[in-house]
Amino acid sequence: MRTVAVVGASLAGLSAARSLRKQGFDGRLVVIGDELHRPYDRPPLSKEFLAGSLAEADLALEPDDEDLRAEWLLGVRAVGLDAPQRAVRLADGSEVRADGVVVATGAAARTLPGTAGLAGVHTLRTLDDARALRDELALGGRLVVIGGGFIGAEVASTAYALGLDVTVVEAAPTPLAGPLGETMGGIVSALHADHGVRLLCGVGVKGLRGGSRVEAVLLEDGRSFPADIVVVGVGARPCVEWLAGSGLALDDGVTCGADGRTPLAGVVAVGDCASWYDPRAGLHRRVEHWTGARERPDAAVTALLAGGAVEPSAPRPPYFWSDQYGVKIQFAGHAAAADSVTIEEGARDDHNVLAVYRRSGHPVAVLGMNQPRLFTRWRKQLAAAA
């Protein structure tokens, strides 16, 4: 293998490039990214960076002395993959031919229909998104967050600390019920009310009102809330449109094996755009978390360089964290696999809970709120059991 193209220049793509060099690939390495920025850390965008306590330079993922001997093609978007020719077609009309391709194009924030061009309406996924939102939050005012997931909750927490009047609107009856289950989702999302942030659940958004700038959020039950700023946090879609017609299976991301391999020889997928097979659950799923983007490229690169000759091991249970209202929330495993959840340590009212999810008596997930030591112990047990 003489040339490898990594399509995507965020954490997953950078991790793949590093893994290629670490595993002995000494050929031509091309990293393609649609943003102009070098790889940067995304988790602080909704927290420290948004609050102004972290500088842009602190987001850099590359140390000054790192040299991957890579060609960086930044600010150019991939628009197609010619599988027989093993060529990545770019929006500027050029193409990159490679013996191996790592698909790491990530995901993009979902938007609300009809809001394009309306000032004061934001999504938060990229550094440019965070810059624009940070500038507006610094002016103060009334913020409405649409979506009570982790991004929405972190933005609400940050804005509350900055002194804004904050309302969170969530269509589901319980925020975070998907990743955490209803019981623990309710406990975690109670942080909003505990800090004076309005949380409206079980009601959808009908639309936004405003001329050139947003003025209010209209709810499906007829209520409306004035808004100077609106943040839409209703999830993300995998960026895989450019792979249409390539021969790859695209079903909520690039469908892969347990090590990122695709049906196309010499093509693997990693990061938020990749739907890896989980042999424990017997299904494919995307893991949209920092740890997955950091760890899983090692297995994918091993499979790529070995040409599929290495038997994949089961991926580690997914892990993610969130910081809201001064509480560190950590989660590992899959809540959906559980048939029970019990609080093992702490008290919910004190926000220092350690909860274990079980199926048929066996732990399948763990949640910690300000319980880093106990959580780490349980996370290790989960990984060992898996």
Side-chain angles (χ1 to χ4, degrees), residues 43-54 120-124 130 133-180 182-206 208-209 214-234 321-331 343 346-353 355 367-371:
L45 295 182
S46 56
K47 301 183 283 288
E48 299 93 340
F49 181 79
L50 201 59
S53 61
L54 196 68
V121 180
H122 300 263
T123 57
L124 181 55
L133 179 57
R134 182 186 59 183
D135 291 346
E136 292 228 51
L137 292 182
L139 301 176
R142 298 160 298 185
L143 168 69
V144 176
V145 179
I146 301 173
F150 284 108
I151 290 294
E154 289 171 359
V155 170
S157 171
T158 300
Y160 162 81
L162 291 172
L164 280 80
D165 178 87
V166 183
T167 300
V168 179
V169 181
E170 169 57 50
T174 305
L176 302 172
L180 302 183
E182 287 191 10
T183 299
M184 300 312 299
I187 291 175
V188 172
S189 60
L191 288 168
H192 294 300
D194 291 347
H195 290 81
V197 170
R198 286 181 294 274
L199 174 61
L200 309 176
C201 298
V203 59
V205 172
K206 183 178 182 181
L208 305 182
R209 186 178 70 230
V214 67
E215 298 173 1
V217 176
L218 311 178
L219 305 185
E220 290 180 343
D221 63 6
R223 288 179 291 173
S224 68
F225 285 85
D228 303 301
I229 310 166
V230 170
V231 173
V232 179
V234 293
W321 75 91
S322 178
D323 296 291
Q324 301 172 27
Y325 304 102
V327 176
K328 187 167 190 64
I329 301 160
Q330 296 170 284
F331 185 87
I343 295 176
R348 64 177 70 190
D349 293 338
D350 294 333
H351 312 311
N352 65 349
V353 166
L367 168 71
M369 298 175 68
N370 282 343
Q371 290 278 5

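Positions are given from 1, in the same order as the sequence printed here.
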Hey, mind stepping through T123 and V231 against side-chain contact (heavy atoms from CB on, under 4.5 Å) and telling me if it holds?
CA-CA 6 Å; T123 57; V231 173; over 6 Å; no

Are S322 and F331 close enough that some pair of their side-chain heavy atoms sits under 4.5 Å apart?
no

Salt bridge or not for D228 and R142, using N-O below 4.0 Å?
yes

Please lay out, stage by stage, how H122 and V155 fare under the test side-chain contact (heavy atoms from CB on, under 4.5 Å).
CA-CA 11 Å; H122 300 263; V155 170; over 6 Å; no

For A156 versus V166, what's the shortest heavy-atom pair and its separation?
CB-CG1, 3.8 Å

So for atom CD, which belongs to E182, do other residues, nucleotides or ligands contribute more than 12 heavy atoms lying within a distance under 6.0 Å?
no

H351 vs L191 side-chain heavy atoms within contact, under 4.5 Å:
yes

How far apart are the closest heavy atoms of V168 and G147, and which atoms are they?
CG1-O, 4.0 Å

Are side-chain heavy atoms of V188 and L367 found at a separation under 4.5 Å?
yes

Would you name the heavy atoms of S46 and I151 that are closest together and state the gap between them?
OG-CD1, 4.3 Å

Counting N and O atoms only, with roles assigned by atom type, does the side chain of N352 sit under 3.5 Å from a partner on the main chain of A347, one being a donor and the other an acceptor?
yes

Using every non-hydrogen atom in the two residues, find where I146 and V230 come nearest and quote the distance to one decimal.
CD1-CG1, 3.7 Å

So how far is it from I229 CD1 to L133 CG, rounded to the nearest 0.5 Å?
7.0 Å

Between L45 and L50, what is the shortest heavy-atom contact and its length?
O-CB, 3.2 Å

Heavy-atom check, side chain of F225 versus side chain of V169, under 4.5 Å:
no

I'd like to know if K47 pairs up with E154 as an ion pair, taking the criterion as any Lys NZ or Arg NE/NH1/NH2 lying under 4.0 Å from an Asp or Glu carboxylate oxygen.
yes

Below 4.5 Å, heavy atoms only, C-beta onward: do I329 and W321 meet side chain to side chain?
no

Rounded to the nearest 0.5 Å, the CG atom of L124 sits from the CZ atom of F49 at a distance of 10.0 Å

Which residue, V234, V232, V217, L218, forms the side chain to side chain contact (heavy atoms under 4.5 Å, CB included) with V205?
V217

Can you name the closest pair of heavy atoms from V203 and E220 and give their distance?
CG2-N, 4.2 Å

So that I can tick it off, tell me whether K206 and D221 are bridged by a salt bridge, with the cut-off set at under 4.0 angstrom between side-chain N and carboxylate O.
no

Can you find a heavy atom in the side chain of D165 that is under 4.5 Å from one in the side chain of R198?
yes

Show your reasoning for whether side-chain contact (heavy atoms from CB on, under 4.5 Å) applies to L143 and T167.
CA-CA 6 Å; L143 168 69; T167 300; over 6 Å; no

Check: D194 and D349 side chains under 4.5 Å, non-hydrogen atoms:
no

Could you check whether any side-chain heavy atom of L199 comes within less than 4.5 Å of a side-chain heavy atom of S189, counting everything from C-beta outward?
yes

Would a line drawn from the ring center of H192 to the ring center of Y325 be shorter than 6.0 Å?
yes

Please walk me through it: do M369 and D350 pass side-chain contact (heavy atoms from CB on, under 4.5 Å)?
CA-CA 9 Å; M369 298 175 68; D350 294 333; over 6 Å; no

